[in-house]
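Notes for the one structure printed next.
Values below: all heavy atoms of this structure, side chains included; hydrogens, waters and symmetry mates excluded. Letters A, B, ... are given to chains in the order of the sequence lines, protein chains preceding strands, and every chain is numbered from 1.
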Protein chains: 2
Amino acid sequence: MASHDLNDTAHRILDVAEGLTQTQGFNAFSYKDIQAELGIKTSSIHYYFPTKSDLATAMVDRYIERFLEALEEIDQKHKTGLAKLQAMGRIFVGVAAAQKLCLCGMLTSDVLSLPQDGLNELRRFYKETERWIMKAITQGINDGELKDSTSLEDTAAHLLAALEGGMLVARVRKDSGYMQAVLDQALDFLGK
Amino acid sequence: MASHDLNDTAHRILDVAEGLTQTQGFNAFSYKDIQAELGIKTSSIHYYFPTKSDLATAMVDRYIERFLEALEEIDQKHKTGLAKLQAMGRIFVGVAAAQKLCLCGMLTSDVLSLPQDGLNELRRFYKETERWIMKAITQGINDGELKDSTSLEDTAAHLLAALEGGMLVARVRKDSGYMQAVLDQALDFLGK
DNA sequence: GAAAATCTATCTATAGATAGATAAAATATT
DNA sequence: AATATTTTATCTATCTATAGATAGATTTTC
């Protein structure tokens with residue numbers, strides 16, 4: 001089910017679920033919490049998402065769709081590989097500033113309560129994002145901004161890991177500059 | 001309450017709770033799960049840890065105590081800064097191989113369901129570990145193995161973020177070499 | 001026999017989920 | 001165009017299962 005099949009109410013439900021998941025975790029909120037925030041009964045939420053698994057799948061679907069779109073926009077808006085990586089980094093810095101976790105990062109810790117579909121989606125998220133990062137790094141190397149990499153794949157994996165981990169740690173280390181520092185450091189390693 | 005005050009049963013309870021937290025998350029298991037694995041009634045578990053918050057605090061206390069001890073042992077067993085960092089990295093690679101998350105990493109995503117004490121403990125974990133990493137890097141620089149760092153603090157923060165994030169992502173990317181690759185890459189950045 | 005540890009039994013609250021009534025909107029029939 | 005039918009959306013009420021927690025009896029240990 002792609003997100004354009006969803007009506008307004010379904011989207012609003014997902015908005016709340018997404019926020020709650022990113023701040024508290026998937027197991028830490030209930031349909032009642034959504035009811036409280038949206039003024040719509042839990043039974044109506046079940047109408048759109050019969051089980052919580054369905055909710056998870058729809059939520060992560062939409063998130064990935066939007067995230068990948070955002071990466072495409074970055075591709076169009078920014079020219080150099082480094083500028084693209086910085087723009088992507090800014091997304092994560094923003095998430096950390098909101099005291100949130102990447103939705104997929106959070107779901108990755110709740111992974112055992114997800115349906116198999118959800119797991120596959122998460123895998124897709126990491127894979128596609130890493131692929132995008134690899135492309136950006138390659139471009140940066142060609143631009144002459146970034147230094148040659150022994151293993152492009154490992155370098156991309158590392159960058160994404162650092163960003164996901166940074167958001168995690170940032171929740172505890174309330175220090176507002178922390179996430180930016182992690183990002184800067186990671187990108188610095190890629191520079192000449 | 002330091003972990004040497006705890007008796008055998010309490011330790012076994014914490015063992016199970018720790019395993020469940022690292023694989024499923026703190027909100028995803030119940031006292032009943034511990035009962036099932038340990039053959040001891042939930043009421044008896046409440047005898048040792050009246051509330052789940054108490055359990056969380058004791059669990060994280062013990063974990064940090066042991067982790068910091070492990071770092072001290074590394075300090076004694078290994079001479080160079082790089083060897084120390086590699087040894088620490090091996091701990092995390094082992095956790096990932098067991099399809100687990102760092103206990104503190106997992107609790108960091110469940111942070112809102114933790115008591116304030118627990119949050120402080122988590123903060124301590126990251127702080128102390130970063131401090132240890134800084135020391136090791138400094139030593140590595142003096143050893144001539146590692147290159148000079150602009151900001152020691154940020155470099156250490158980045159390394160820890162990459163490790164925490166790596167464990168997270170490794171759960172989804174079933175690829176068994178993934179975590180090692182992230183570690184190698186991160187350490188490679190520090191080398192000359 | 002006192003203290004520590006475990007058990008049985010039970011409570012209250014909440015979770016996710018469903019049945020069935022009802023209202024509102026869209027579509028079809030005359 | 002007016003009416004009937006169907007579909008979509010929401011509600012009330014309720015179920016079953018499980019959560020964390022507690023009281024109090026019983027057993028084990030010292």
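- Taking B:R12 as the reference, B:D8 meet the salt bridge (charged side-chain N to carboxylate O under 4.0 Å, His left out) condition, with sequence neighbours excluded.
- A:N27 meets the side chain to side chain contact (heavy atoms under 4.5 Å, CB included) test with A:D110, A:S113, B:N27, B:A28; sequence neighbours excluded.
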Legend entry - Where protein sits on nucleotides 11-30 of chain D, one letter per nucleotide: B base, S sugar-phosphate only, - none, heavy atoms under 4.0 Å: BB------SSBB--------
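- Annotation: salt bridge (charged side-chain N to carboxylate O under 4.0 Å, His left out) contacts of B:E130 (sequence neighbours excluded): A:R173.
- Residues of residues 13-21 of chain B that place a heavy atom closer than 4.0 Å to DNA chain C do not occur.
- When the salt bridge (charged side-chain N to carboxylate O under 4.0 Å, His left out) test is applied to A:D15, the partners found at least two apart in sequence or on another chain are A:R62.
- Under 4.0 angstrom from either OP1 or OP2 of D:dA9 there lies at least one side-chain N or O belonging to A:Y47.
- By the ring pair (Phe, Tyr, Trp, His ring centres under 6.0 Å) test, A:Y126 is found to be paired with no residue, residues two or more places apart in sequence or in another chain being considered.
- When rounded to the nearest whole Å, the span between CG of A:N7 and C1' of C:dA25 equals 13 Å.
- Shown here are the salt bridge (charged side-chain N to carboxylate O under 4.0 Å, His left out) partners of A:E72, two or more places apart in sequence or in another chain: there are none.
- Among residues two or more places apart in sequence or in another chain, the ring pair (Phe, Tyr, Trp, His ring centres under 6.0 Å) test is passed with A:F29 by A:F26.
- Side-chain nitrogen and oxygen atoms of B:T9 include none within less than 4.0 Å of the OP1 or OP2 phosphate oxygen of C:dA5.
- Residues A:L82 and A:D143 fail the side-chain proximity criterion, which asks for heavy atoms closer than 4.5 Å.
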